[in-house]
Amino acid sequence: MADTEYAIECRGIIKTFGSVVANDGVDLTVRYGEILALLGENGSGKTTLMNMLSGIYHPDAGTIRIAGKQVSISSPEDAMALGIGMIHQHFKLVDVFTASENIAVGTPGKRLPARVMREKVRQISQSIGLEIDPDRRAFEMSVSEKQTVEILKVLYRGQKILILDEPTAVLTPQETERLFDILRSMRAQGCAIIIITHKLNEVLAISDRVTILRKGKYIDTVNTAETDEKNLTERMVGRPVSLEIERPEPVDPKTILKIIDLTVRKPDGSLALNDANFEVRTGEILGVAGIAGSGQKELCECIAGLCPAETGAILYRKENLIGKTPREIIRLGVQLGFVPEDRLGMGLVASMGMVGNMMLKTYDAPKGPFVDPAPARRRAEELVQRLEIATPSVDTPVRLMSGGNVQKVLLGREIESDPQVLITAYPVRGLDIHSSYTVYDLLNEQKKKGVAVVFIGEDLDVLMALSDRILVMCHGQVTGVVDGRTATKDEIARLMVGAGEEAAQ
């Protein structure tokens with residue numbers, strides 16, 4: 001097989017960080033006119049490998065060929081010159097710049113006049129079947145529009161190799177399908193595309209081949225048409241894994257949390273929540289679906305006492321929590337577990353290890369002037385075993401852990417506090433499929449114990465399989481509450497964009 005058949009050919013790539021071998025002799029090939037999915041559990045080396053292709057890291061051993069030529073990629077500028085563009089999960093746009101201005105920023109060569117630039121953007125977008133306003137500013141764009149601008153940046157610079165890291169994490173089903181249409185159009189134009197995602201249904205829908213990594217090693221590359229979710233999962237994990245999500249029936253559910261006419265504003269004065277009304281019940285999982293930025297973050301933070309409400313009430317067993325601080329809420333006896341979206345900004349102290357972060361939940365207990373770390377250490381060590389948390393020790397700063405392991409630490413800590421209400425915001429975001437199912441099992445354990453669980457998620461298939469009821473939000477409003485057992489994906493998706501009739505609770 002000729003080298004020039006491949007856009008990218010990696011052979012025997014090794015990358016180590018101290019004693020940790022992130023990539024151990026990894027092979028990867030991608031052809032022009034092909035979409036390759038890269039799969040693996042958290043810590044399997046996917047991101048490290050892509051960071052070497054995008055010039056962030058340099059391999060310790062092995063070779064990389066681009067279009068048949070062996071290359072050394074020492075910087076992002078080298079990657080750009082070789083036609084490689086990477087779209088990260090967190091977009092790198094200047095909010096006050098227009099689409100055409102964002103595309104022009106960082107592009108080598110002489111800057112074109114604004115009129116010429118706008119026309120070039122229109123031509124490129126139309127070539128792949130897109131409609132984008134070149135004069136629309138980034139802060140006015142939806143998530144999918146921002147992603148479109150990132151893709152246009154790659155195409156404008158003439159880059160024929162595209163790497164996407166978890167591109168659908170915050171997209172609605174409609175936006176995901178729109179993105180996939182764009183990728184199929186780019187494939188038809190001869191682009192080589194690598195997509196990293198943990199969502200196996202998306203892998204099967206969009207890719208031509210799948211490369212699997214496990215614990216830093218190359219396992220296999222298979223044709224997508226010749227595999228399925230179960231087979232891919234077993235190759236990733238190395239053993240058979242059940243893909244069934246349990247949904248035990250609620251036992252005597254009772255309202256424990258009641259949200260009444262809740263209105264919350266963002267710091268800029270715009271509405272984050274607008275007269276939200278719903279109930280949370282014991283022994284039940286209430287799923288929350290909605291486009292990113294529909295008020296989910298503010299809802300969680302307001303219930304936890306971290307965000308003020310303009311009007312309305314949050315009743316916990318008839319006690320109104322509005323206006324109370326998190327410490328006052330705890331002193332009232334409100335047993336609330338909160339797993340925020342911002343793990344290291346609001347959930348955990350990045351410089352502390354697991355022991356210190358476990359103690360943050362109990363330090364205020366009036367047990368004398370000294371704090372005994374032994375109980376927290378025991379709980380931390382138990383969590384490491386139970387949740388398979390990868391860390392050198394329970395004293396290692398959590399900022400040195402992978403995103404998936406940080407999520408496990410935070411969720412485990414909140415569950416260990418024996419909450420009556422557990423609020424989780426995207427608890428499986430960034431987790432591999434095996435770790436995700438561990439989280440689903442943990443949430444179901446809490447449900448069986450009578451805990452009221454609020455599960456804010458982004459995967460509708462998971463929400464429909466796990467939740468007893470699903471609350472749907474759009475632009476800060478509750479557009480419906482549907483039965484998780486009978487609701488359809490289309491029904492939920494329409495409510496997510498405000499196109500459905502409000503369902504009865």
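Just so it is clear, the structure is predicted and the values come from calculations on it, not from any experiment.
In terms of modelled atom types and a separation under 3.5 Å, the side chain of S207 and the main chain of L36 share no donor-acceptor contact. A donor-acceptor pair is defined here as one N or O able to donate and one able to accept, closer than 3.5 Å; such a pair exists between the side chain of Q159 and the backbone of I84. No side-chain donor-acceptor contact under 3.5 Å links D459 to the backbone of K199. Within the 3.5 Å criterion, the main-chain N or O of I14 finds no donor-acceptor partner in the side chain of N23. Without hydrogens or angle criteria, T479 side chain to V472 main chain gives a donor-acceptor distance under 3.5 Å. Listed for the D24 side chain is no donor-acceptor partner under 3.5 Å among the backbone atoms of K217.
L164 is not listed as a side-chain neighbour of I196, based on a closest heavy-atom distance of 4.5 Å or more. In this structure, E414 and L410 have side chains that are in contact, with non-hydrogen atoms separated by less than 4.5 Å. You'll find the side chain of V71 stays beyond 4.5 Å of the side chain of R65, heavy atoms only.
Residues L93 and A138 share a closest heavy-atom pair of CB-CB, 4.3 Å. Contact between M236 and G40 at its shortest, heavy atoms only, is SD-N, 3.5 Å. What you find for V94 and N102 is that their closest heavy atoms are N-OD1, 2.7 Å.
Within 6.0 Å of the CZ atom in F180, the count of heavy atoms belonging to other residues, nucleotides or ligands exceeds 12.
Between R115 and E119 there is no salt bridge, since no side-chain nitrogen of the basic residue lies less than 4.0 Å from a carboxylate oxygen of the acidic one.
Separating the SG atom in C191 from the OH atom in Y32 is a distance of 9.5 Å, to the nearest 0.5 Å.
Aromatic rings of Y57 and F17 (six-membered ring for Trp) have centroids within the 6.0 Å cut-off, being under it.
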Would you please test Y218 and T221 for side chain to side chain donor-acceptor pair (under 3.5 Å) and show each step? CA-CA 9 Å; Y218 170 82; T221 297; 2.9 Å; yes
